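Data first, discussion second: the structure below is written as structure tokens.
Residue numbers count from 1 along this sequence. What you see is a predicted model; the values in this text were computed from it and never measured.
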Amino acid sequence: MAEEINSTKRTLLIVLAATVVVVLAIGAYVYIGEKPPVAAGQIVKLDVVPIHSQMRVGAGAQGVQGGMETYDQLLILAQVQIRNQTDIPLFLHDMWSNLSAADGDEERSLAASRTDFQQVFIAYPQLAAYKADPIQRDITISPGQTVQGLIIFHYPITKDQWDARHGFAGVISFQHQKNLVLPWPAPSK
């Protein structure tokens with residue numbers, strides 16, 4: 001009977017030791033094999049500029065004036081910094097932002113193109129103080145290199161809707177790599 005207890009203890013001890021060895025081997029494999037993200041970055045500064053426009057619509061009929069149409073929109077000017085953490089070049093493909101509205105809707109805005117970027121400052125001269133060098137699409141970021149620049153997003157919402165949002169994040173897309181997501185905190189409620 002004592003021999004049965006000893007053999008049972010020995011079997012349990014062997015199984016326990018084997019389990020510990022397997023868990024340590026898996027942990028070492030995950031720890032050693034884990035690679036850092038290819039890029040790191042942040043939104044350094046975010047300026048939100050509400051644009052309120054009124055446009056006259058329709059010439060109106062005889063003796064009747066045309067109406068006025070109001071259009072509210074936000075221009076989001078994000079000063080962004082991106083750093084290549086790999087030993088290979090990264091090819092920046094595209095940029096957009098995702099907005100989680102208070103009502104649960106998800107909206108996406110593509111970053112202004114090179115042409116649109118310049119046109120924004122012509123159409124809205126009050127933005128001149130925010131002008132900076134843009135981050136361009138289709139650039140190559142060398143290993144260890146950091147790029148910084150301005151990205152402009154547009155949302156057809158009011159400032160109140162922006163202030164009530166649940167979340168906002170800029171997304172940088174690279175060719176053949178995972179996207180870099182740059183969150184911006186929602187206001188405290």
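N84 places a side-chain N or O within 3.5 Å of a backbone atom of S142 that can act as its donor or acceptor partner. The main-chain N or O of S97 is never found under 3.5 Å from a side-chain atom of S109 such that the two would form a donor-acceptor pair.
What you find for Q42 and L182 is that their closest heavy atoms are N-CD2, 3.6 Å. Nearest heavy atoms, D138 versus H93: OD1-O, 3.8 Å. Here the closest non-hydrogen pair linking T86 and P143 is O-CB, 3.3 Å. Taking each heavy atom of I151 and A111 in turn, the nearest pair found is CG2-CB, 3.4 Å. Contact record, W96 with S173: CZ3-CB, 3.6 Å, taken as the closest heavy-atom pair. Between I172 and L92, the closest heavy-atom pair is CG2-CD1, 3.6 Å.
Rounding to the nearest 0.5 Å gives a distance of 11.0 Å between OG1 of T140 and CZ of F174. The distance from atom CZ of F153 to atom CZ of R108, rounded to the nearest 0.5 Å, is 11.0 Å. Remark: L24 CG to T19 OG1 distance equals 11.0 Å, nearest 0.5 Å. Atom-to-atom distance recorded for Q148:CD and R83:CZ is 12.5 Å, nearest 0.5 angstrom. For the atom pair I88 CD1 and I141 CD1, the distance stands at 12.0 Å (nearest 0.5 Å). With rounding to the nearest 0.5 Å, the separation of NE2 in H166 from CG in D103 is 7.5 Å.
Criterion: ILVMFWY side-chain heavy atoms under 4.5 Å apart, direct or through other members. Under it, L180 and I139 are part of a common hydrophobic cluster. Neither L77 nor V80 shares a network with the other; the hydrophobic side chains, linked directly or stepwise wherever heavy atoms of I, L, V, M, F, W or Y lie under 4.5 Å apart, form separate groups for each. At a threshold of 4.5 Å between side-chain heavy atoms, the hydrophobic network of Ile, Leu, Val, Met, Phe, Trp and Tyr places W184 and I135 in one connected group. Criterion: ILVMFWY side-chain heavy atoms under 4.5 Å apart, direct or through other members. Under it, L75 and I157 are not part of a common hydrophobic cluster. Hydrophobic clustering places L46 together with L74 (ILVMFWY residues linked when any side-chain heavy atoms are closer than 4.5 Å, directly or through intermediates).
Using a 4.5 Å cut-off on side-chain heavy atoms (C-beta onward), R137 and L110 make contact. By the 4.5 Å heavy-atom criterion applied to side chains, K159 and D163 are counted as neighbours. Looking at I82 and M95, their side chains never come closer than 4.5 Å, going by heavy atoms from C-beta outward. A 4.5 Å side-chain heavy-atom check between L13 and R10 finds every atom pair outside the cut-off. By the 4.5 Å heavy-atom criterion applied to side chains, T146 and Q81 are counted as neighbours.
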Run the side-chain contact (heavy atoms from CB on, under 4.5 Å) check on L12 and K9 step by step: do they pass?
CA-CA 5 Å; L12 287 174; K9 284 183 181 179; 5.8 Å; no
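For the side-chain contact (heavy atoms from CB on, under 4.5 Å) with Y155, the lone residue among L99, V48, D72 that qualifies is L99.
Heavy atoms of other residues, nucleotides or ligands lying less than 6.0 angstrom from CZ of R114 number 12 at most.
A ring-ring contact (aromatic ring centres under 6.0 Å, His included) check over residues 104-126, counting only residues at least two apart or in different chains, returns the pairs F117-F121.
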